[in-house]
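As the structure lists them, so they are numbered: ligands from 1, and atoms in each ligand from 1.
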Amino acid sequence: MTAQTAPVLKASDFKSDIKPVWCPGCGDYHVLLSLTRALAALGLQSENVAVVSGIGCSSRIPAYLNCYGFHGVHGRSLPLGTGLKVARPDLTVIVAGGDGDGFSIGGNHFLHACRRNIDLTYIVMDNRVYGMTKGQPSPTTEPDWDSALSPGGTGLSPFHPLVIALASGANFVARCFSGDPARTGDILVEAIRHPGLSFVQILSPCVTFRPDERSWKELVHPAPVEPTDDPARAARRIMTDDGFNIGILYRGNRTPYHLAKRGPQQDPDQLAEMFAI
Ligand SMILES: Cc1ncc(C[n+]2csc(CCOP(=O)(O)OP(=O)(O)O)c2C)c(N)n1
Ligand code: SF4
């Protein structure tokens with residue numbers, strides 16, 4: 001009898017048959033492409049990958065992938081992904097969503113997922129707006145972005161996700177641009193390979209509610225420095241860059257979370273008995 005070898009999957013094999021409902025020109029199409037390329041480049045099999053999301057246009061991504069997926073609850077993608085990874089450490093778990101999902105309602109989970117430094121890759125498709133609910137400002141929206149829903153702008157200081165991730169304990173931090181799927185795919189490969197919590201902010205224009213973001217393609221540029229393993233240096237650089245530096249900005253050596261060695265797992269029936277009223 002000959003041993004069966006797993007087939008080598010192409011990027012297109014990771015794409016499901018479901019046609020995305022994103023607006024024509026939405027940056028998230030290219031994020032989908034980059035992610036399928038990364039999964040293929042890593043030589044992964046569909047049954048060993050799970051993509052978990054929250055709610056938002058960007059959070060629809062699990063449906064468009066041919067691997068395990070969970071389209072969860074708004075702001076709760078990281079606890080879902082954390083639970084999955086702890087229960088199934090053998091899986092490659094990728095958590096994905098938008099800036100509203102991750103930094104607003106999910107902001108607290110973002111801090112603590114970075115602090116726990118579980119071996120996850122967290123992708124945020126940052127369009128600096130709530131796309132799905134028609135254009136409200138998000139935590140990363142510029143204070144002077146003038147719109148029908150925020151006349152004159154919010155006047156609020158934007159959230160700085162990369163620095164907050166660093167300060168909270170993430171082990172890998174990168175910024176990508178959806179319009180460069182080749183580079184984004186390469187960075188995602190490194191993010192997925194890197195142990196611990198890898199946070200990848202992908203600037204992904206919302207062409208419907210932020211048509212001004214079409215200009216991002218002229219603004220992005222490669223980060224002028226090599227990634228550092230010093231979080232303070234990385235944070236200083238990110239705080240003083242123009243927000244359009246693309247590349248791996250921090251590659252850390254922080255020890256990822258491992259389940260403490262415990263005795264044999266409790267029998268669920270015994271547990272139910274203990275808590276029976
Ligand atoms: C608990 C809860 N609160 C609010 C909503 C409404 N809601 C759905 S998506 C969304 C924001 C989406 O913005 P973002 O996460 O940035 O994703 P995008 O659509 O821009 O990709 C909101 C507020 C919800 N579904 N559930
Ligand atoms: S509303 Fe914006 S984020 Fe949502 S699909 Fe359309 S372009 Fe993309």
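Salt-bridge formation is not detected for the pair Lys217/Asp180: no Lys NZ or Arg NE/NH1/NH2 atom is positioned less than 4.0 Å from an Asp or Glu carboxylate oxygen.
For ligand 2, the atoms lying closer than 4.0 Å to a non-hydrogen atom of Thr208 are 6 (Fe), 7 (S). Close approach of ligand 1 to Cys57 (heavy-atom distance below 4.0 Å) involves ligand atoms 18 (P), 19 (O), 21 (O). Below 4.0 Å from some heavy atom of Phe209 lie the following atoms of ligand 2, by number and element: 1 (S). Close approach of ligand 1 to Asp99 (heavy-atom distance below 4.0 Å) involves ligand atoms 16 (O). Near Val207, meaning under 4.0 Å from any of its heavy atoms, are these atoms of ligand 2: 7 (S).
Given atom 13 (O) of ligand 1, the protein heavy atom at minimum distance is Tyr130 CA, 3.4 Å. In terms of protein heavy-atom proximity, atom 4 (Fe) of ligand 2 is closest to Cys57 SG, 2.4 Å. Closest to atom 8 (Fe) of ligand 2, if we only count protein heavy atoms, is Cys26 SG, 2.4 Å. Of the protein's non-hydrogen atoms, the one nearest atom 1 (C) of ligand 1 is Ile105 CD1, 3.7 Å. The shortest contact between atom 4 (C) of ligand 1 and any protein heavy atom is with His74 CD2, 3.6 Å. In this structure, the protein non-hydrogen atom closest to atom 5 (S) of ligand 2 is Cys23 N, 3.4 Å. Among all protein heavy atoms, the one lying closest to atom 20 (O) of ligand 1 is Gly131 N, 2.8 Å. In terms of protein heavy atoms, atom 3 (S) of ligand 2 is closest to Asn127 ND2, 3.5 Å. For atom 25 (N) of ligand 1, the closest heavy atom belonging to the protein is Ile55 CG2, 3.8 Å.
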Residue pair Glu142, Arg210: steps toward the salt bridge (Lys or Arg N to Asp or Glu O under 4.0 Å) verdict: CA-CA 11 Å; Glu142 305 84 330; Arg210 297 288 316 252; 3.0 Å; yes
Ser204/Asp28 under side chain to side chain donor-acceptor pair (under 3.5 Å): CA gap, chis, key distance, verdict: CA-CA 6 Å; Ser204 181; Asp28 296 350; 2.6 Å; yes
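Summarising the geometry of Gly243 relative to Leu203, their closest heavy-atom pair is O-CD1, 3.8 Å, with the distance given to 0.1 Å.
For Val129, every heavy-atom contact with ligand 1 shorter than 4.0 Å involves the backbone, none the side chain. Of the heavy atoms in Val21, none comes closer than 4.0 Å to ligand 2. Contacts between Thr133 and ligand 1, counted as non-hydrogen atom pairs separated by less than 4.0 Å, involve the side chain only.
At under 3.5 Å, a nitrogen or oxygen of Asp101, whether backbone or side chain, sits near a nitrogen or oxygen of ligand 1.
Proximity of the aromatic rings of Phe199 and Phe172 is defined here by a centroid distance below 6.0 angstrom, and this criterion is not met.
Among Ser77, Gly100, Ser58, the residue whose heavy atom sits closest to atom 17 (O) of ligand 1 is Ser58.
At a threshold of 2.8 Å, atom 4 (Fe) of ligand 2 has no backbone or side-chain N, O or S atom of Cys206 nearer than that distance.
Side-chain atoms of Asp126 and Thr140 form a donor-acceptor pair, as typed in the model, at a separation below 3.5 Å. For the 3.5 Å distance criterion, the side chains of Ser138 and Asp99 qualify, holding a donor opposite an acceptor. Tyr130 and Ser104 share a side-chain donor-acceptor pair at under 3.5 Å. Side chains of Asp242 and His221: a donor on one and an acceptor on the other come within 3.5 Å.
Panel note: side chain Asn48, backbone Leu91; no donor-acceptor pair is recorded below 3.5 Å.
For Arg128 and Trp145, the positive end is not near the middle of the six-membered ring at less than 6.0 Å and at most 45° from its axis.
Note that CG of Leu80 and NE2 of His109 are 9.0 Å apart. Values are rounded to the nearest 0.5 Å.
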